2 protein chains.
Amino acid sequence: MKKRLSISDIAKNLGISVTTVSFILNDKAKEKRISEAQTKKVLDYVAQVGYKPNQLAKSLRTGKSKTLGLLVEDISNSFFANIADQIEKFAYDFGYHIVYCSMNNDVNRAKELIQLFYDRQIDGFIIAPTEGLTEVIQRLLKNNVPVVLFDRHLEDLDTNYVISENHKGAYEGTRFLLEEKQAARVGMITIDSNQLQMRGRMEGYKEAVCGLEKKMLVEKIVREQPEEETIQQIRAFIAENQLDGVLFATNYLALSGLKAIKRYNLPIDKLVSFDENALFSLVEPAVSAISQNIPVIARQVVDILINEINGKSEGLVQVVVPCELIIR
Amino acid sequence: MKKRLSISDIAKNLGISVTTVSFILNDKAKEKRISEAQTKKVLDYVAQVGYKPNQLAKSLRTGKSKTLGLLVEDISNSFFANIADQIEKFAYDFGYHIVYCSMNNDVNRAKELIQLFYDRQIDGFIIAPTEGLTEVIQRLLKNNVPVVLFDRHLEDLDTNYVISENHKGAYEGTRFLLEEKQAARVGMITIDSNQLQMRGRMEGYKEAVCGLEKKMLVEKIVREQPEEETIQQIRAFIAENQLDGVLFATNYLALSGLKAIKRYNLPIDKLVSFDENALFSLVEPAVSAISQNIPVIARQVVDILINEINGKSEGLVQVVVPCELIIR
DNA sequence: TTGAAAGCGCTAACAG
DNA sequence: CTGTTAGCGCTTTCAA
């Protein structure tokens, strides 16, 4: 790469000191009472030669990088993709940038990434945590690194978080299947995980089913298995229990479920899934969705984090955002 | 945040010089013939106190950030999401990290991002460029910043790139509709853009249609319009031309197309789309796909870029990767 | 109103 | 084999 201009080049070429240039470039011209003429001269020259400060040096000096780290499980999941998008926009309004990373179900990789971001002096973290991450996040907290969790939180960790009303959402989704759709046997398909959001969804399902004195039928899918196995498992679960309705705990389970239903022509058409997905309205049977309020979640996450970074937060902030049932 | 240990803290605490510590930490212990004992002492101590070098300072000093910038149009498009994922993995194997960003159809934002990345001393760029980006990319090139384009390239720009065999893919997709599926009237739905990959796909369609002496029926969709308008436009296009087959130039157009077909019950079931999408096998009518070879593209992109960064490239590298027709 | 100079944490040339 | 030191580009205190 061609050598880039530095602030001292600018100063030299203009025959003034770096201090003056720095002040002007950081909008401290009037505060430091630098003359109009001087200011204009510098600004014009900088624009003309296209000088851009070296952010690395700036960050090294100030200790702030104006960058936030966003860690999600899987960026190709539409829920995370959309929320990443929104978060990036809001952060941008505050002058912050986002670097994001999928941890793809790999705890060690996730730990490395957190460390990496920390090494790069990231100003704060936004994390959709998995169970194995408790320790690393704990460490961040101990070092007073600003952190906000979203989508789920970790039980034995006192942190800021923004989550959805999982319990109520699942409850309403299940009620909808049982009452409006008149389903007789509604099963729940969830992942074999202790993640809090999944537990909430489970509780909601349980409460709705038990409230109407129906039988609880729950199938847990191991997250790491190949999709084909999941499909078979769902197929068996639906067939053996003669289900006519299913509540899926996440959108990717619903996708596998649809594949099973379609491929084996399973006689079931009352479906609800957590999280939206473009195909839910396109597919037969259509899938109703318990949709999380992505813009609100994103907004809150960013606000909380920025506040904390600016030292303006008093105590932990924990937000629960309502879901919306989208009927199809 | 708690103050972090620096290399000089380590040196002081151990009663040795920073040089020694630095050499050991950078695996130059034997090269600089530092004693086993010393090396071990430092390594142990560093592990014990959990010291991590400040990457900012390191980058500032060395001029390398070991980070690559990845710019895509829309990270929630499954094609880009998957390729981002793969690129990240391959880059990781070389010790590089990826920062990625959606430009969401906003040229100014894209320019800013490129500038931003450049300011952060990114070592190289991976870009799926849009037309408005010619200038900025040109500037990067002029400054000898390593760049690889993918998915498309820019006509009047001599760059490294990795693209798919768009022409051949579209040709085979169209032939498939006309011959295997016996479609009589096959239209093409594409975007109103001059992007090279779209032109290639168009040419392929044209060649197949003309080769069989059929009529060319092409509809161009304005990229920025609300999806509802797109749906209406597609509906009208299919109805007015009494199409029984369609070739979609991208997966998101196919999604809108499916919505139109489904909502208005259009009598058409011979569909092919560029790029895969999870729902193509789930939906009725099923959509065959001209699938791009994502792992190969990702691998190539990373290899080319790393080579260039290491100064090991001789001249431009331009790769065209075959597509695969996935029949449904 | 402006400038000199210290120092953020690190690497590496040079000296011993 | 190890230490001293300059300097990457920037901000900011202190002095003028």
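Since the model is a prediction, treat every value here as computed from it, not as a measurement. Residue numbers begin at 1 in each chain, while the letters A, B, ... track the order of the sequences.
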For a quick test of reading the model: is some side-chain N or O of [X] closer than 4.0 Å to OP1 or OP2 of [N]?
X       : N      : result
B:Ser6  : C:dG9  : no
B:Lys58 : C:dG9  : no
B:Arg61 : C:dT11 : no
A:Lys32 : C:dT2  : no
A:Ser35 : C:dT2  : yes

Using rotation axes that map the C1' atoms of four end pairs onto the next four (five pairs an end), what angle separates the end axes of the helix from C:dT1-D:dA16 to C:dG16-D:dC1, to 10°?
50°

Partner of B:Arg139 under side-chain contact (heavy atoms from CB on, under 4.5 Å), picked from B:Ile137, B:Leu141, B:Val136, is B:Val136

Please identify which of these residues, A:Asn77, A:Asp151, A:Ile297, A:Val301, meets the side-chain contact (heavy atoms from CB on, under 4.5 Å) condition with A:Ile83.
A:Ile297

Output, in order, the C-alpha distance, side-chain angles, deciding distance and verdict of side chain to side chain contact (heavy atoms under 4.5 Å, CB included) for A:Ile163 and A:Val321.
CA-CA 6 Å; A:Ile163 56 174; A:Val321 179; over 6 Å; no

By nearest nucleotide on DNA chain C, pick out whichever of B:Leu60 and A:Gly15 is the more 5' one.
A:Gly15

Residue B:Glu131 excluded, over 12 heavy atoms near CD under 6.0 Å:
yes

In whole angstroms, how far is the [atom2] atom of [N] from the [atom1] atom of [X]?
X        : N      : atom1 : atom2 : result
A:Ile10  : D:dC10 : CD1   : C1'   : 13 Å
B:Gln121 : D:dG9  : CD    : C1'   : 9 Å
A:Ile34  : D:dT11 : CD1   : P     : 13 Å
A:Ile7   : C:dG3  : CD1   : C1'   : 13 Å
B:Lys64  : D:dG9  : NZ    : P     : 14 Å
B:Leu14  : D:dG3  : CG    : C1'   : 15 Å

Name all residues meeting the ring pair (Phe, Tyr, Trp, His ring centres under 6.0 Å) criterion together with A:Tyr100; count only those two or more places apart in sequence or in a different chain, and write none if there are none.
B:Tyr100

With a 4.0 Å heavy-atom cut-off, tell me which residues in residues 18-30 of chain B come close to DNA chain D, sorted by residue number.
B:Val18, B:Thr19, B:Thr20

Strand contacts (DNA chain D) in residues 36-56 of chain A, 4.0 angstrom heavy-atom criterion
A:Tyr51, A:Pro53, A:Asn54

Donor-acceptor contacts, no H, no angles, side chain residues 27-39 of chain A, under 3.5 Å, sequence neighbours left out:
residue : atom : partner : partner atom : Å
A:Ser35 : OG   : A:Gln38 : N            : 3.2
A:Gln38 : OE1  : A:Lys41 : NZ           : 3.3
A:Thr39 : OG1  : A:Ser35 : O            : 2.9

Step by step, would you call B:Lys142 with B:Glu135 a salt bridge (Lys or Arg N to Asp or Glu O under 4.0 Å)?
CA-CA 10 Å; B:Lys142 223 179 290 168; B:Glu135 238 183 287; over 6 Å; no

With under 30° as parallel and over 60° as perpendicular, where do the rings of A:His153 and A:Tyr161 fit, or are they tilted in between?
parallel

With the side chain of B:Ala57 defined as its heavy atoms from C-beta on, choose the nearest nucleotide among D:dG9, D:dG3, C:dG9.
C:dG9

Side-chain heavy-atom pair B:Ser313, B:Ile304 within 4.5 angstrom cut-off:
no

Quick test of your reading: applying salt bridge (Lys or Arg N to Asp or Glu O under 4.0 Å), list the pairs with at least one residue in residues 68-83 of chain A, sequence neighbours left out, ordered by first then second residue.
A:Glu73-A:Arg152, A:Glu73-A:Arg223

Pairing donors with acceptors under 3.5 angstrom, does anything connect the side chains of A:Arg120 and B:Ser65?
no

Salt-bridge criterion met for B:Lys89 and B:Asp85 (N-O under 4.0 Å)
yes

